[in-house]
Amino acid sequence: MAASRLELNLVRLLSRCEAMAAEKRDPDEWRLEKYVGALEDMLQALKVHASKPASEVINEYSWKVDFLKGMLQAEKLTSSSEKALANQFLAPGRVPTTARERVPATKTVHLQSRARYTSEMRSELLGTPEMDVRKRTVPAVSEKQSAAELDLVLQRHQNLQEKLLKTNTLAAKTLSHSLKMADQNLEKLKTESERLEQHTQKSVNWLMILFIRIMPKLK
């Protein structure tokens with residue numbers, strides 16, 4: 001099926017956004033965010049278009065638009081460590097947008113932003129006066145080693161988040177089990193109370209019968 005005019009326009013704008021994302025932009029640059037917003041609108045329209053492409057193609061467009069949105073959100077974070085962590089969770093496109101690309105543009109952008117945030121983290125960690133003094137007495141650390149150490153810090157941070165998530169999930173399961181056991185115990189207590197009440201009622205009835213039988217003899 002031939003691509004509709006809407007899809008062609010979406011591809012052109014997507015390719016433009018990917019190119020802008022790969023460029024060094026001014027902090028006050030606003031066009032990319034506006035373009036990505038327009039991409040979202042076009043994507044929603046394409047999903048209900050009479051000549052919409054296959055679901056796999058739609059999913060790929062969605063994948064790339066979500067990546068661009070996430071990249072812009074990561075850029076707005078305050079610290080480089082937060083940006084680097086957010087960047088780890090971004091998933092670039094899996095296939096090129098245009099035939100001219102050998103590697104998906106969003107994948108290139110992802111690698112570029114990761115390298116930039118890693119460099120910013122290294123500058124923050126090694127750029128304080130105290131660290132400058134240490135740098136004069138300690139042999140310089142290689143770029144590769146510094147990047148590896150920062151990757152390790154990020155991995156530990158991610159592992160900690162996953163551990164906290166598992167802990168919260170286990171706590172929720174434990175609470176659910178406790179509530180279930182409490183409900184079962186309450187039901188058993190209710191049944192036992194009813195049985196005891198019935199037993200007490202029977203005992204009272206037997207006492208009344210015995211009293212009635214004994215009273216004539218006493219008279």
Side-chain angles (χ1 to χ4, degrees), residues 3-4 6-47 52-127 142-159 161-162:
S4 64
L6 176 60
E7 184 180 359
L8 291 174
N9 290 336
L10 184 145
V11 171
R12 291 191 187 99
L13 183 57
L14 177 58
S15 180
R16 175 57 180 153
C17 289
E18 291 172 344
M20 291 180 66
E23 298 170 354
K24 185 176 181 180
R25 287 170 285 114
D26 188 274
D28 297 328
E29 171 61 51
W30 55 270
R31 291 178 301 167
L32 180 56
E33 188 168 1
K34 294 295 183 182
Y35 290 168
V36 172
L39 269 178
E40 286 189 273
D41 295 338
M42 294 172 70
L43 181 60
Q44 293 302 320
L46 185 62
K47 289 180 179 179
K52 65 180 180 181
S55 58
E56 299 83 24
V57 178
I58 290 285
N59 291 338
E60 183 65 24
Y61 291 152
S62 300
W63 200 282
K64 292 179 179 181
V65 172
D66 288 342
F67 170 82
L68 292 170
K69 286 173 54 182
M71 185 204 68
L72 290 171
Q73 291 171 357
E75 289 179 350
K76 294 179 181 179
L77 297 174
T78 54
S79 69
S80 58
S81 58
E82 292 175 331
K83 294 177 182 179
L85 183 60
N87 179 265
Q88 277 194 332
F89 291 97
L90 295 179
R94 294 164 293 185
V95 298
T97 302
T98 64
R100 294 175 298 175
E101 300 174 19
R102 296 181 58 186
V103 178
T106 47
K107 186 174 183 179
T108 302
V109 172
H110 191 229
L111 294 174
Q112 288 176 342
S113 57
R114 179 180 180 181
R116 183 171 67 254
Y117 297 146
T118 300
S119 178
E120 290 177 3
M121 285 181 63
R122 183 163 55 248
S123 298
E124 289 181 2
L125 292 173
L126 305 179
S142 67
E143 293 278 329
K144 186 175 181 181
Q145 183 178 349
S146 297
E149 290 174 351
L150 291 173
D151 285 342
L152 180 61
V153 171
L154 292 174
Q155 185 61 46
R156 287 176 177 173
H157 189 76
Q158 182 177 352
N159 291 341
Q161 284 194 326
E162 292 176 354

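Computation of the quantities below employed the complete heavy-atom set of this structure, encompassing side-chain atoms and omitting hydrogens, waters and symmetry-equivalent molecules.
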Indicate whether the side chain of Glu82 and that of Thr78 have a donor and an acceptor atom separated by less than 3.5 Å. yes
Using 4.0 Å as the upper bound for N to carboxylate O, is an ion pair formed by Arg122 and Glu120?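 Result for this pair is no, no salt bridge flagged.
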Looking at Arg94 and Glu60, does any basic side-chain N land under 4.0 Å from a carboxylate oxygen?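 Salt bridge present between Arg94 and Glu60.
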Would you call [X] and [Y] a side-chain contact if the rule is heavy atoms closer than 4.5 Å?
X: Lys52; Y: Val57; value: no
X: Gln112; Y: Tyr117; value: no
X: Leu72; Y: Glu75; value: yes
X: Val109; Y: Phe67; value: yes
X: Asp41; Y: Gln44; value: no
X: Met71; Y: Leu32; value: yes
X: Arg116; Y: Lys83; value: no

Separation between [atom1] of [X] and [atom2] of [Y], rounded to the nearest 0.5 Å:
X: Asp66; Y: Thr106; atom1: CG; atom2: OG1; answer: 11.5 Å
X: Glu18; Y: Glu23; atom1: CD; atom2: CD; answer: 12.0 Å
X: Leu68; Y: Leu14; atom1: CG; atom2: CG; answer: 6.5 Å
X: Leu10; Y: Glu40; atom1: CG; atom2: CD; answer: 11.0 Å
X: Trp63; Y: Glu56; atom1: CH2; atom2: CD; answer: 13.5 Å
X: Glu101; Y: Lys107; atom1: CD; atom2: NZ; answer: 12.5 Å

Nearest heavy-atom neighbours spanning Lys69 and Val36: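 Lys69 and Val36 have their closest heavy atoms at CG-CG1, 3.6 Å.
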How far apart are the closest heavy atoms of Ala84 and Met121, and which atoms are they? CB-SD, 3.6 Å
Please list, chain by chain and in numerical order, all residues satisfying side chain to side chain donor-acceptor pair (under 3.5 Å) with Lys76, sequence neighbours excluded. Glu33
Would you check if the side chain of [X] reaches a backbone N or O of [Y] as a donor-acceptor pair within less than 3.5 Å?
X: Thr97; Y: Ser15; value: no
X: Ser123; Y: Ser119; value: yes
X: Arg114; Y: Asn87; value: no

Those residues at least two apart in sequence (or on a different chain) that pass side chain to side chain contact (heavy atoms under 4.5 Å, CB included) with Ile58 are Leu46, Lys47, Pro53, Ser62
